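Have a look at the structure below, then the notes.
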Number of protein chains: 2
Amino acid sequence: MARSAVTVEEPVRRRLLAEATRLFAERGFESTSVQEIVAAAGVTKGAMYHYFGSKDDLLHEIYGRVLRLQMERLTRFADAEGPVAERLHATAMDVVVTTVENLDDSKIFFRSMHQLAPETYKTVRAERRRYHERFRDLVAEGQRAGVFREDIPAEMVVDFFFGSVHHLGTWYSPDGPLSGQEVGRHFADLLLGSLGHSIS
Amino acid sequence: MARSAVTVEEPVRRRLLAEATRLFAERGFESTSVQEIVAAAGVTKGAMYHYFGSKDDLLHEIYGRVLRLQMERLTRFADAEGPVAERLHATAMDVVVTTVENLDDSKIFFRSMHQLAPETYKTVRAERRRYHERFRDLVAEGQRAGVFREDIPAEMVVDFFFGSVHHLGTWYSPDGPLSGQEVGRHFADLLLGSLGHSIS
DNA sequence: CACAGCGTACCGACTGGTCGGTCGACGTGC
DNA sequence: GCACGTCGACCGACCAGTCGGTACGCTGTG
């Protein structure tokens with residue numbers, strides 16, 4: 001039970017997490033059995049329930065990993081220096097690149113959220129909310145500075161943009177013609193464009 | 001004992017579909033049992049399997065309903081008359097309004113797609129693709145006319161926008177402060193803004 | 001010996017789906 | 001006007017299989 005000190009190379013545990021991530025992304029949480037996970041990792045259920053408390057626990061850990069990574073990247077880019085428009089552009093682009101680099105995580109995130117235990121669900125929502133707020137503050141900052149249009153609530157711009165980002169898991173393929181960087185640049189351009197003052 | 005007169009002359013089939021839609025949206029397809037559906041509809045499994053071939057069949061019918069409705073609305077707005085920018089704006093706004101009016105359908109659509117039988121899945125994808133293409137043509141038309149920026153593929157603009165639309169099911173609430181019309185207008189403004197020629 | 005790190009065998013709950021049967025409405029013959 | 005036959009709508013008990021989870025045993029290492 002005692003969570004051993006800083007990860008001491010636990011290959012089985014790591015394999016279980018990796019295979020679970022792959023399978024959850026591919027077939028969904030509810031359609032993936034514990035049997036399939038342990039088979040893919042080359043162990044048995046005994047091993048899995050040695051490292052994880054339950055199947056939900058596996059999902060929970062995946063969410064924790066995603067939240068931690070994304071929040072860390074966001075703050076790094078948002079807290080940088082330079083004009084707000086440039087910071088938002090760089091941040092938006094990085095969000096896309098990071099999402100594309102961990103596409104399985106993204107698929108799981110927005111598709112299995114409602115399968116979490118109620119308590120865990122609330123925690124994840126709260127964490128996600130803080131994430132969105134940090135992003136929203138960037139938009140609002142630009143609006144106050146007169147760089148972005150002000151007739152649309154910053155909150156809605158965030159939901160608008162992150163909808164597009166979540167949707168990446170549905171259509172983007174690493175084998176396709178577009179790199180994550182390219183998609184990221186286009187998405188960031190679209191976001192900045194939508195926030196610009198209209199010509200007409 | 002006999003089914004008393006006044007109660008529910010309404011078709012059982014309709015109730016089953018309605019309750020299934022509600023429950024699928026609330027808990028997801030895989031987490032909803034046939035027992036729960038028939039209990040909510042006030043009938044038994046015999047009734048359900050009398051009207052539907054399987055649980056998947058229920059889901060399939062929901063998808064058919066959504067696809068039919070959305071495609072019909074899209075063509076109605078896209079094939080109207082007037083400048084392309086205005087048509088795209090009206091279309092985008094209607095997509096949001098329609099989505100918000102059938103929010104349960106939308107939640108199911110993007111969350112349970114991979115639960116469909118392979119054959120059905122392909123059909124739905126194909127239908128959805130035609131839908132996207134119709135929308136993309138609108139964007140491309142504006143680009144050729146020089147009204148919209150041309151440095152971003154129309155295809156990507158479509159994925160960008162419909163990501164936001166799909167995401168509505170995650171955050172929008174009819175009980176919230178914003179009406180579907182308001183969200184629709186904002187979304188359409190953002191879309192048109194992102195397609196406008198930049199000032200800077 | 002102690003104990004982490006697993007494998008093996010198994011449990012009870014529940015799943016989607018089936019099947020024989022009941023019930024009332026309705027056409028038909030007399 | 002009444003008995004009969006039929007048919008769709010629906011019930012409810014049941015099935016085989018699958019699920020997440022558990023109990024316990026073995027084994028190598030310190």
Side-chain angles (χ1 to χ4, degrees), chain A residues 1-21 23-24 26-62 108 112 114-121, chain B residues 1-21 23-24 26-62 108 112 114-121:
Chain A
M1 175 162 354
R3 186 92 77 189
S4 69
V6 191
T7 36
V8 198
E9 283 278 357
E10 283 166 328
V12 173
R13 189 189 146 89
R14 217 182 282 281
R15 282 213 314 276
L16 280 166
L17 253 181
E19 294 300 325
T21 302
L23 288 167
F24 288 166
E26 192 180 310
R27 303 177 211 181
F29 177 74
E30 294 286 324
S31 299
T32 304
S33 70
V34 174
Q35 291 285 2
E36 291 175 312
I37 298 171
V38 298
V43 291
T44 61
K45 287 215 278 186
M48 203 217 103
Y49 281 95
H50 176 72
Y51 287 108
F52 301 95
S54 64
K55 191 190 172 189
D56 292 270
D57 202 36
L58 259 171
L59 186 59
H60 174 238
E61 289 233 14
I62 293 173
I108 296 171
S112 304
H114 60 307
Q115 315 279 13
L116 290 166
E119 199 182 338
T120 310
Y121 182 76
Chain B
M1 153 104 41
R3 192 82 97 192
S4 108
V6 193
T7 50
V8 290
E9 218 45 64
E10 224 113 340
V12 172
R13 189 189 147 90
R14 234 182 253 296
R15 282 213 317 274
L16 280 166
L17 251 181
E19 294 301 325
T21 302
L23 289 167
F24 288 166
E26 192 179 311
R27 305 176 210 181
F29 178 75
E30 293 286 324
S31 299
T32 303
S33 70
V34 174
Q35 290 285 1
E36 290 175 311
I37 297 171
V38 298
V43 292
T44 62
K45 286 216 276 187
M48 202 219 103
Y49 281 95
H50 175 72
Y51 288 109
F52 302 94
S54 64
K55 190 189 173 190
D56 293 270
D57 202 34
L58 257 172
L59 187 59
H60 174 238
E61 288 232 15
I62 293 174
I108 297 170
S112 304
H114 59 307
Q115 315 280 12
L116 289 166
E119 199 183 335
T120 310
Y121 181 77

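Model, not experiment: these values are computed from the prediction. Note that these values count all heavy atoms, side chains included, but never hydrogens, waters or copies made by symmetry. Each chain gets a letter, A, B and so on, in the order the sequences are listed, and its residues count up from 1.
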Can any side-chain N or O of A/S112 pair as donor or acceptor with the backbone N or O of A/Q115 at less than 3.5 Å?
-> no
Can you find a side chain N or O atom of A/H50 that sits less than 4.0 Å from OP1 or OP2 on C/dC6?
-> no
Expressed in angstrom and rounded to an integer, what is the separation of A/R13 atom CZ from C/dA4 atom P?
-> 16 Å
Cation-aromatic face contact B/K55/B/Y49, 6.0 Å, 45 degrees = no
When every nucleotide of nucleotides 14-24 of chain D is labelled 5' to 3' by its protein contacts under 4.0 Å (heavy atoms), B for base, S for sugar-phosphate only, - for none, what sequence of letters results?
-> -----SBBB--
Backbone of A/L116 reached by a side-chain donor or acceptor of A/T120 within 3.5 Å | no
Could you tell me whether the side chain of A/R27 and the main chain of A/T32 form a donor-acceptor pair under 3.5 Å?
-> no
SB check A/E61 A/R13 (cutoff 4.0 Å) = yes
